[in-house]
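Scroll down for the structure; my scribbles are underneath it.
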Amino acid sequence: MVHWTRRRLGLAAGSIAAGMAMPGLCLPNIARAQSRARVVIVGGGAGGASAARHLAAAARGSIEVTLVEAGETYTTCFFSNHYLGGLRSFESITHGYGRLQSEYGVVKVTARAVAVDRDARAVRLSDGVVLPYDRLVLSPGVELIFDSVPGYSPDAALIAPHAWQGGDQARRLKQKFEALEDGENILIVPPPNPYRCPPAPYERASIFAHAMKAKGHAGSRVIILDTKEKFAKQGLFQPGWESHYPGMVEWIGVDMHGGVLEVDAAAGTVTTDLDIFEGALLNIIPAQRAGAIAQECGLADAGGYCPVEADSMRSRLDPNIFVIGDSADGDDLPKSAYAANSQAQIAALNLLGDLAGTPLAPAHYINTCWSMIMPGESVMEGGEYAPEDGRIANVRGFISQPGEDAAVRLSNFNDSLAWYDMITTDMFG
Ligand SMILES: Cc1cc2nc3c(=O)[nH]c(=O)nc-3n(C[C@H](O)[C@H](O)[C@H](O)COP(=O)(O)OP(=O)(O)OC[C@H]3O[C@@H](n4cnc5c(N)ncnc54)[C@H](O)[C@@H]3O)c2cc1C
């Protein structure tokens, strides 16, 4: 964490301090304080864009909402598997911030946040601009730990894409996938827990197999060299693979292959204790932790993610900062866009209540993760989550059952399409 002085930043006394001193301050009155309270949000993805829209909509101009996002636009990782499988265009999973600005008054700053001075309550941007804040929301997603896979690196990712962040990586993976010939194999190395969207590597394997089968590539296989001994929705994916793509998807757990010893992206090999595997396409997804900015300002713990108060998403280490999305340690809540959106709504309500001096809103989180086994056939898992003994606990859960009717799976698939429209509207207006 940097330690700038208040003089160097040229900061006036925090505007919220004046606001908080007003007894019985309620939300509409925040604007009447000397200056509007300033909320800065870092990260314009599932968590950050949702938080910006919900804050701005509820505050109705009484606070200044600034969204700092490195990209001009945002390409969703969710539904990137639909893009890889040719079910969606790249444009359809790419979204702009125009409505957040024009309809909700959010100030979008296209820059990278490079440092947070928690004492002075200010964020420094890559272009040197300093943004003071009264409350900060961090939703920078995940940082990939490239060296968790020996031989893997940002350079190697240009040849062997992870496609676990951002649109460029998804494009690379799709180009390489489309160039495969019959008989050429794909190797997928999924990450260890906890990571972004636990079922997504296996949904990706399904959609690859589906597209290969459709092209008549009966000689190709998807080989999954897992870093885990089991995986999300395993009891649903594996029967699905056997039924739709017999012999085309092979999953090998770490207890079978003994561990990934080396990846050679240029040679197209993954060396394990068991064997050297060859693939014309390597999809290497390394281990993950909270986005770099959250770690650099000291909000992550030894587990790599940021501990938060279960009832508000407020950082346990700094009362002026809320951490949401994949960077937060959500306890039982998996790392998903659905969960990030749910957390954003809880954080927004609590942040506004905090600024206005009104009671906290009760926290209740929801999540559903749909996974395609093939287009028109999806399985799902989800639940409701609430604070229990200081943690976000799963209080109700549901999961698809093996052998369900095709109609049920089709209905799940259609629900997932509707959900995509719903969440992206909730994020971007
Ligand atoms: C293949 C795949 C499939 C998935 N499918 C689903 C699904 O079906 N359903 C589901 O719910 N979830 C799914 N997910 C998970 C989902 O994408 C993430 O959980 C979700 O995007 C997390 O939201 P976030 O706000 O934490 O991070 P992100 O959405 O990644 O947003 C973080 C943003 O912060 C920006 N940023 C980071 N650091 C800085 C900085 N210092 N300064 C400025 N900007 C910064 C980044 O540019 C990025 O735009 C999937 C993920 C993958 C990889």
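Not measured: the values here are computed from a predicted model. Start at 1 and go down the list; that is how both ligands and their atoms are numbered.
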Nearest neighbour in protein (non-hydrogen) for [atom]:
| atom | value |
| --- | --- |
| atom 18 (C) of ligand 1 | Asp326 OD2, 3.3 Å |
| atom 42 (N) of ligand 1 | Ala113 N, 2.8 Å |
| atom 31 (O) of ligand 1 | Gly45 CA, 3.3 Å |
| atom 28 (P) of ligand 1 | Arg196 NH2, 3.5 Å |
| atom 23 (O) of ligand 1 | Ala46 CB, 3.4 Å |
| atom 37 (C) of ligand 1 | Pro140 O, 3.3 Å |
| atom 49 (O) of ligand 1 | Glu69 OE1, 2.7 Å |
| atom 44 (N) of ligand 1 | Ala70 N, 3.2 Å |

Go through the steps for Asp426 and Arg53 under the test salt bridge (charged side-chain N to carboxylate O under 4.0 Å, His left out), then give the verdict.
CA-CA 7 Å; Asp426 201 74; Arg53 200 190 67 78; 3.0 Å; yes
Minimum heavy-atom distance [X]-[Y], with the two atoms named:
| X | Y | value |
| --- | --- | --- |
| His162 | Tyr152 | N-OH, 3.3 Å |
| Ala51 | Val137 | CB-CG1, 4.4 Å |
| Pro161 | Arg172 | CG-CB, 3.8 Å |

Yes or no on salt bridge (charged side-chain N to carboxylate O under 4.0 Å, His left out) for Glu250 and Arg221, after CA distance, side-chain angles and deciding distance?
CA-CA 7 Å; Glu250 187 180 358; Arg221 284 188 306 155; 2.7 Å; yes
Heavy atoms only: which of [options] is nearest to [atom]?
| atom | options | value |
| --- | --- | --- |
| atom 15 (C) of ligand 1 | Gly325, Cys197, Ser378, Ala340 | Cys197 |
| atom 3 (C) of ligand 1 | Ala115, Ser327, Cys77 | Cys77 |
| atom 7 (C) of ligand 1 | Tyr74, Trp164, Phe79, Phe78 | Phe78 |

side-chain contact (heavy atoms from CB on, under 4.5 Å), that's the test. Do Gln238 and Tyr202 meet it? Break it down for me.
CA-CA 9 Å; Gln238 286 185 316; Tyr202 315 98; over 6 Å; no
For Tyr305, does the six-membered ring have the charged nitrogen or CZ of Lys335 within the cation-pi criterion, i.e. under 6.0 angstrom from the centroid and within 45° of the normal?
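Pair Lys335/Tyr305 counts as cation-pi.
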Examine Arg99 relative to Tyr104 and say whether NZ or CZ is less than 6.0 Å from the centre of the six-membered ring and inside a 45° cone about the ring axis.
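That pair does not qualify as a cation-pi contact.
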Report yes if the distance between the aromatic ring centroids of Tyr74 and His95 is under 6.0 Å, otherwise no.
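No.
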Tell me if the aromatic rings of Phe78 and Trp370 count as close, with their centers under 6.0 Å from one another.
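Aromatic pair excluded; centres sit 6.0 Å or further apart.
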For ligand 1, note which part of [X] has a heavy atom under 4.0 Å away: side chain, backbone, both or neither.
| X | value |
| --- | --- |
| Ala339 | neither |
| Ala337 | both |
| Arg204 | side chain |
| Arg112 | both |
| Ser336 | both |
| Val42 | side chain |
| Tyr83 | neither |

May I ask whether [X] has any heavy atom positioned less than 4.0 angstrom from an atom of ligand 1?
| X | value |
| --- | --- |
| Ser139 | yes |
| Tyr420 | no |
| Cys369 | no |
| Ala328 | no |

Under 4.0 Å between a Lys/Arg side-chain N and an Asp/Glu carboxylate O for Asp301 and Arg316?
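Answer for the salt bridge query: no.
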Between Glu404 and Arg409, is the closest basic N to carboxylate O distance under 4.0 Å?
yes
If I apply the N/O under 3.5 Å rule, does Ala163 come out as touching ligand 1?
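Looking only at distances, the answer is no, because the N/O contact criterion of under 3.5 Å is not met.
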Counting only nitrogen or oxygen atoms and a 3.5 angstrom limit, does Asn367 reach ligand 1?
no
Check whether the side chains of Tyr97 and Thr73 place a donor and an acceptor atom closer than 3.5 Å, and report yes or no.
no
When you compare the side chains of Thr75 and Thr94, does any donor N or O come within less than 3.5 Å of an acceptor on the partner?
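On atom types as modelled, these side chains qualify, holding a pair under 3.5 Å.
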